[in-house]
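So the structure is just underneath, and the comments pick up after that.
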Amino acid sequence: MAPSETSTQSPPPLGTTDAEPAAPTESEPLLGGPGDAIQKPDAPILLNLVLGTAWLSQLGALLLLITTWSAVFLHKLGALISPHPLLQSLGTFLLIQAILILQPTSTPDAKRLGQRIHASLHLLSFLSFVSGITIIETNKHVNHLAHLHSLHAYLGVITGTLLLAQYVFGICIWAVPAVLGGEEKAKSLWRYHRYAGYGLLALVLATVAAAADTDYSRNVLKIKGWTFGLGIALVVVGVYPRVQLRKLGINTARQEATRAV
């Protein structure tokens, strides 16, 4: 009987066993595993509005909207004051939808459709914000009131200015990349647009929180601060865990950490 042959297969290199954690992909959210918050190729894009933790954001956005609108219509209406909270809360609601609809997209077709809806919702949100600001400023001018007399007012001016800059930045990247040095250069700037967007969402929510502490909200609308606090918290825990790591350009650091293990 011939002796058995000795195996010549080399052992696997160190550090490449099956237990090695996978490098993050574009489908890996900030919290959770790959694919937890990504749109499937055959899924309708509207499902993005409730995908993963997004349903929590929807609860929060609806709570903020319903609380504001019910408070306004349950009290005496003023032509130059009531539309302001109505329009600003609507603008905030639309802004949140604009983020949620685009976040989970991954395929080129889904991204293109998501970008169009994202831009359209932001346009409506912007028009709502501008209308609300115009009305309240008109009210202050007509009634000779101070234009900046609260934290909400200061945050509103800062947020509105930065939002306008963010809108212009996004439109340039998407529609007229030539002004930024060409399509490839513009694509490399997307991550900064995303970073700015998530930062501005936090600033918008801070402005909403400050609105609950104004004299008009406390003394006229009788809004309870905890309702705004709960709504804001739900939006935060619904939006930020769905942040896609690779879309923010931070996957390289994760990969280097994985190789070092």
### Query
Apart from L80 itself, what residues make up its hydrophobic cluster, given side-chain heavy atom links below 4.5 Å?
V142
### Message
To the nearest 0.5 Å, what is the distance between CD1 on I136 and CD1 on I133?
### Response
10.5 Å
### Task
Flag yes if I66 and L63 sit in one hydrophobic cluster, no otherwise; membership is Ile, Leu, Val, Met, Phe, Trp, Tyr, and two members link when side-chain heavy atoms are under 4.5 Å apart.
no
#### Entry: Non-neighbouring partners of D42 that pass side chain to side chain contact (heavy atoms under 4.5 Å, CB included), sequence neighbours left out
K40
### Message
The criterion is side chain to side chain contact (heavy atoms under 4.5 Å, CB included); which residues satisfy it with A71, sequence neighbours excluded?
### Response
L221, I223
### Query
Going by heavy atoms in the side chains, are Q39 and I45 under 4.5 Å from each other?
yes
### Query
What pairs meet the side-chain hydrogen bond (donor to acceptor under 3.5 Å, both in side chains) rule with one or both residues in residues 133-144, with sequence neighbours excluded?
E137-H147, N139-N143
### Message
Give me each pair satisfying salt bridge (charged side-chain N to carboxylate O under 4.0 Å, His left out) with a member in residues 88-106, each pair once, sequence neighbours excluded.
### Response
none
### Task
Treating Ile, Leu, Val, Met, Phe, Trp and Tyr as nodes and any side-chain heavy-atom pair under 4.5 angstrom as an edge, say whether V72 and L62 lie in one connected cluster.
yes
### Message
Nearest 0.5 Å, please: how far is NZ in K187 from CD in E183?
### Response
4.5 Å
### Query
For residues 194-229, which residue pairs qualify under ring-ring contact (aromatic ring centres under 6.0 Å, His included), counting only residues two or more places apart or in two chains?
Y198-Y240
#### Entry: Interatomic spacing from CD1 in I171 to CD in Q166 - rounded to 0.5 Å
10.5 Å
### Query
What is the minimum heavy-atom distance between P104 and R242, and which atoms define it?
CG-NH1, 3.5 Å
### Task
Any pair with a residue in residues 149-163 that passes side-chain hydrogen bond (donor to acceptor under 3.5 Å, both in side chains), sequence neighbours left out, goes on the list, sorted by first then second residue, please.
T159-T207
### Query
Would you find a donor on one side and an acceptor on the other, under 3.5 Å apart, between the side chain of S70 and the backbone of T67?
yes
### Task
Mark yes or no for whether T107, through its side chain, and P41, through its backbone, hold a donor-acceptor pair below 3.5 Å.
no
### Query
Which heavy atom of T53 sits nearest a heavy atom of G238, and at what distance?
OG1-O, 2.8 Å
### Message
Has Q97 got a side-chain atom pairing as donor or acceptor with I101's backbone, closer than 3.5 angstrom?
### Response
no
### Query
For the atom pair CG (L100) and CG (L121), what is the distance rounded to the nearest 0.5 Å?
10.0 Å
#### Entry: Identified side-chain contact (heavy atoms from CB on, under 4.5 Å) partner of Q103 from the options V243, L49, N48
V243
## Note on the structure
Residue set satisfying side chain to side chain contact (heavy atoms under 4.5 Å, CB included) with L234, at least two apart, ordered chain then number -> L56, L59, L230
### Message
I'd like to know if V237 and I96 are part of one continuous hydrophobic network [Ile/Leu/Val/Met/Phe/Trp/Tyr, side-chain heavy atoms within less than 4.5 Å].
### Response
no
## Note on the structure
In short, L155 meets A206 closest at the heavy-atom pair CD1-O, 3.8 Å
When the side chains of residues 83-94 are checked against the rest of the protein, which donor-acceptor pairs come out under 3.5 Å, sequence neighbours left out?
residue: H84; atom: ND1; partner: G132; partner atom: O; Å: 2.9
residue: S89; atom: OG; partner: W69; partner atom: NE1; Å: 3.0
residue: S89; atom: OG; partner: P85; partner atom: O; Å: 2.8
residue: S89; atom: OG; partner: L86; partner atom: O; Å: 3.0
residue: T92; atom: OG1; partner: Q88; partner atom: O; Å: 2.9

### Query
Please, which pairs that meet ring-ring contact (aromatic ring centres under 6.0 Å, His included) have at least one residue in residues 111-133, sequence neighbours excluded?
H118-H122, H122-Y167, F126-Y167
### Between CZ on residue R246 and CG on residue L248, distance to nearest 0.5 Å
12.5 Å
#### Entry: Minimum heavy-atom distance between A79 and I135, given as atom pair plus value
O-CG2, 4.2 Å
### Query
Would L200 end up clustered with L95 when hydrophobic side chains under 4.5 Å apart are linked, directly or stepwise?
yes
### Query
Residues sharing W174's hydrophobic cluster, by side-chain heavy-atom contacts under 4.5 Å among ILVMFWY, directly or via others?
F169, I173, V176, V179, L180, L189, W190, Y192
### Query
Should L151 and L203 be counted in the same cluster of Ile, Leu, Val, Met, Phe, Trp and Tyr side chains packed under 4.5 Å apart?
yes
#### Entry: Residues in side chain to side chain contact (heavy atoms under 4.5 Å, CB included) contact with L205, at least two apart in sequence or another chain
L201, I232, V235, V236
### Task
Answer yes or no: is there a donor N or O on one side and an acceptor on the other, between the side chain of T105 and the main chain of L102, under 3.5 Å?
yes
#### Entry: Value rounded to 0.5 Å, distance of NZ in K224 from OG in S217
12.5 Å
